[in-house]
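In what follows, every chain begins at residue 1, and chains take the letters A, B, ... in the order their sequences are listed.
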Number of protein chains: 2
Amino acid sequence: MTRSEENYIKAIYHLSGGGMHSVPTNAIATQMDTQPSSVTDMIKKLSDKEYVHYKKYRGVHLSEKGINTALTIIRKHRLWEVFLADKLDFNWDEVHDVAEQLEHIKSEKLIDKLDEFLDFPKYDPHGDPIPGKNGELAQRSLQLLSAMKPEEEGICVGVKDSSVSFLKFLDKHNIALGDHIKILDVEEFDESLNILIESKKLHISKRIATNLFIKPIPA
Amino acid sequence: MTRSEENYIKAIYHLSGGGMHSVPTNAIATQMDTQPSSVTDMIKKLSDKEYVHYKKYRGVHLSEKGINTALTIIRKHRLWEVFLADKLDFNWDEVHDVAEQLEHIKSEKLIDKLDEFLDFPKYDPHGDPIPGKNGELAQRSLQLLSAMKPEEEGICVGVKDSSVSFLKFLDKHNIALGDHIKILDVEEFDESLNILIESKKLHISKRIATNLFIKPIPA
DNA sequence: ATTAATATTTAGACAAATCTAAAAATTAAT
DNA sequence: ATTAATTTTTAGATTTGTCTAAATATTAAT
Ligand SMILES: [Mn+2]
Ligand SMILES: [Mn+2]
Ligand SMILES: [Mn+2]
Ligand SMILES: [Mn+2]
């Protein structure tokens with residue numbers, strides 16, 4: 001697998017909801033910031049190598065082989081993210097770009113040893129689950145903050161939008177993974193929320209709330 | 001810099017004794033396992049970008065810029081080697097191939113943080129010095145084992161040949177960096193040596209002795 | 001000083017990954 | 001059911017890094 005093939009496979013995996021549904025050419029082009037014609041070329045190659053099923057004009061669908069390949073790349077990506085954040089003190093908005101390179105390093109031993117060195121983490125710095133050596137994927141108890149009601153409590157376990165701008169926003173307002181959150185009330189007008197983060201009062205927009213995953217604490 | 005350009009620069013650096021003398025095309029081709037014509041092509045590109053000085057048929061000479069570039073690549077290579085050996089328990093004959101890939105990861109912050117995480121090591125697992133952030137290179141007190149006389153003692157600090165086969169040989173005979181070595185006697189016939197390694201008697205050929213660097217302990 | 005051997009460069013080709021512009025298929029709108 | 005808009009594919013070109021075969025320059029041998 002070339003680096004480019006790997007990047008395509010990963011993009012298709014994400015766009016297809018983990019290989020569930022098929023993905024149109026243009027969606028891949030947008031995601032990868034390339035021309036649709038380039039995507040068609042690459043799709044043909046991936047199809048020849050049987051990573052995807054492909055019918056002209058009908059989009060692509062990841063094969064079993066393609067899904068497994070995607071999972072090992074994602075595993076590497078997220079393990080490296082943990083390494084950068086936990087061991088090298090990278091900020092969570094800085095890890096992605098470097099992991100985008102590190103995910104292509106070829107050495108099974110390296111990644112297994114790294115996994116062990118990091119103490120077999122289950123989630124990356126954004127709360128995304130890390131696939132296991134055999135592709136098994138822990139499920140996140142994914143409740144969006146926006147779906148919670150007054151008086152409910154939980155722990156912040158992930159972000160839906162992991163763009164640099166959103167992560168920086170969270171840093172600025174001192175919102176981090178692992179934080180304890182309690183809903184005070186919800187404005188009827190714009191669905192913005194008044195919450196307690198680690199016992200500190202904060203007002204956040206609906207937009208923010210729809211991008212934070214919370215693991216609820218039963219009352 | 002592309003990955004290929006970086007590999008050429010590094011090869012030229014090593015073949016030229018750190019940029020001291022110039023290097024013929026064929027030497028590079030042999031080292032990189034490519035055709036001389038490919039080397040010529042690449043040399044032209046590197047010359048355009050001013051990493052090397054080049055006169056047709058006269059070989060290449062690294063420029064100041066080229067030397068600095070080589071040193072940062074070597075710095076990355078050796079820091080990653082330390083990481084693999086010290087943190088992930090790689091054997092010293094296993095680190096090179098993976099470092100060959102990791103050295104091309106682009107992120108200044110990554111390498112500075114890694115350096116700090118490893119506690120600013122001065123030497124890689126083969127005893128080669130690690131260039132500093134500004135290219136300064138620690139000198140090894142390089143005395144070859146083959147140059148030592150009976151009764152002299154020292155510490156094994158590096159290998160001249162870092163091929164996998166030689167490193168495996170050393171592992172097999174329990175010779176490692178940091179080991180204490182004392183010369184018992186030298187056979188006049190084949191210049192083979194009887195030595196004490198960590199107080200254990202061992203007989204080694206001249207060939208071996210010319211590939212081990214020793215830091216002498218004054219008697 | 002020629003000639004022979006060796007080293008190096010040029011010329012032309014190829015695979016990978018991309019692009020632009022044009023053609024074709026699909027889907028949406030009338 | 002046509003027509004229009006959109007999506008996707010094809011055709012042909014470009015860049016990077018490589019190769020083989022042939023030409024040229026350098027060095028060594030007579
Ligand atoms: Mn990537
Ligand atoms: Mn992530
Ligand atoms: Mn390399
Ligand atoms: Mn080394």
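Distance, B:L46 CG to C:dT9 P: 13 Å, rounded to whole Å. Across the protein-nucleic acid pair, A:I28 atom CD1 and D:dT9 atom P stand 9 Å apart, rounded to whole Å. Between the OH atom of B:Y54 and the C1' atom of C:dT10 there is a distance of 10 Å, rounded to whole Å. Following rounding to the nearest Å, B:D48 (CG) and D:dT15 (P) show an atom-to-atom distance of 14 Å. The interatomic distance linking A:I43 (CD1) with C:dT18 (P) rounds to 13 Å, in whole Å. Look at NZ on A:K55: it is 16 Å from C1' on C:dA25, rounded to the nearest Å. Rounded to an integer number of Å, the gap from CE of B:M42 to P of D:dT16 is 10 Å. Spacing between atom CZ of A:R3 and atom P of C:dT18 amounts to 12 Å, rounded to whole angstrom units.
At distances below 3.5 Å, not a single donor-acceptor pair connects side-chain atoms of A:H104 with backbone N or O atoms of A:E6. Checking side-chain atoms of A:Q101 against main-chain N and O of A:V98 turns up no donor-acceptor pair under 3.5 Å.
Between A:F83 and B:F83, the ring centre distance stays below 6.0 Å. Under the 6.0 Å cut-off for aromatic ring centres, A:H77 and A:H96 qualify, their centroids lying closer than that.
Remark: B:D161 engages no residue in a salt bridge (Lys or Arg N to Asp or Glu O under 4.0 Å) (not counting sequence neighbours). Residues passing the side chain to side chain contact (heavy atoms under 4.5 Å, CB included) test with A:I67, sequence neighbours excluded: A:Y13, A:L62, A:L71.
Residue B:K44 is classed as a sugar-phosphate contact, given heavy-atom separations below 4.0 Å to backbone atoms only. Nucleic acid contact class of B:R58 (heavy atoms, under 4.0 Å, all strands): sugar-phosphate only. Within 4.0 Å (heavy atoms only), B:T40 reaches at least one base atom of the nucleic acid.
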Distances for protein N or O near nucleotides 19-23 of chain C N or O, under 3.5 Å:
| from | atom 1 | to | atom 2 | distance (Å) |
| --- | --- | --- | --- | --- |
| C:dC19 | OP2 | A:Q35 | N | 3.2 |
| C:dC19 | OP2 | A:S38 | OG | 2.5 |
| C:dT20 | O4 | A:S37 | OG | 3.0 |

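Dashed line: the shortest gap from a side-chain N or O of A:K56 to OP1 or OP2 of D:dT10 is under 4.0 Å. For B:N26, a side-chain nitrogen or oxygen approaches OP1 or OP2 of C:dT8 to under 4.0 Å.
Between A:I43 and A:I28 the shortest side-chain heavy-atom distance falls below 4.5 Å.
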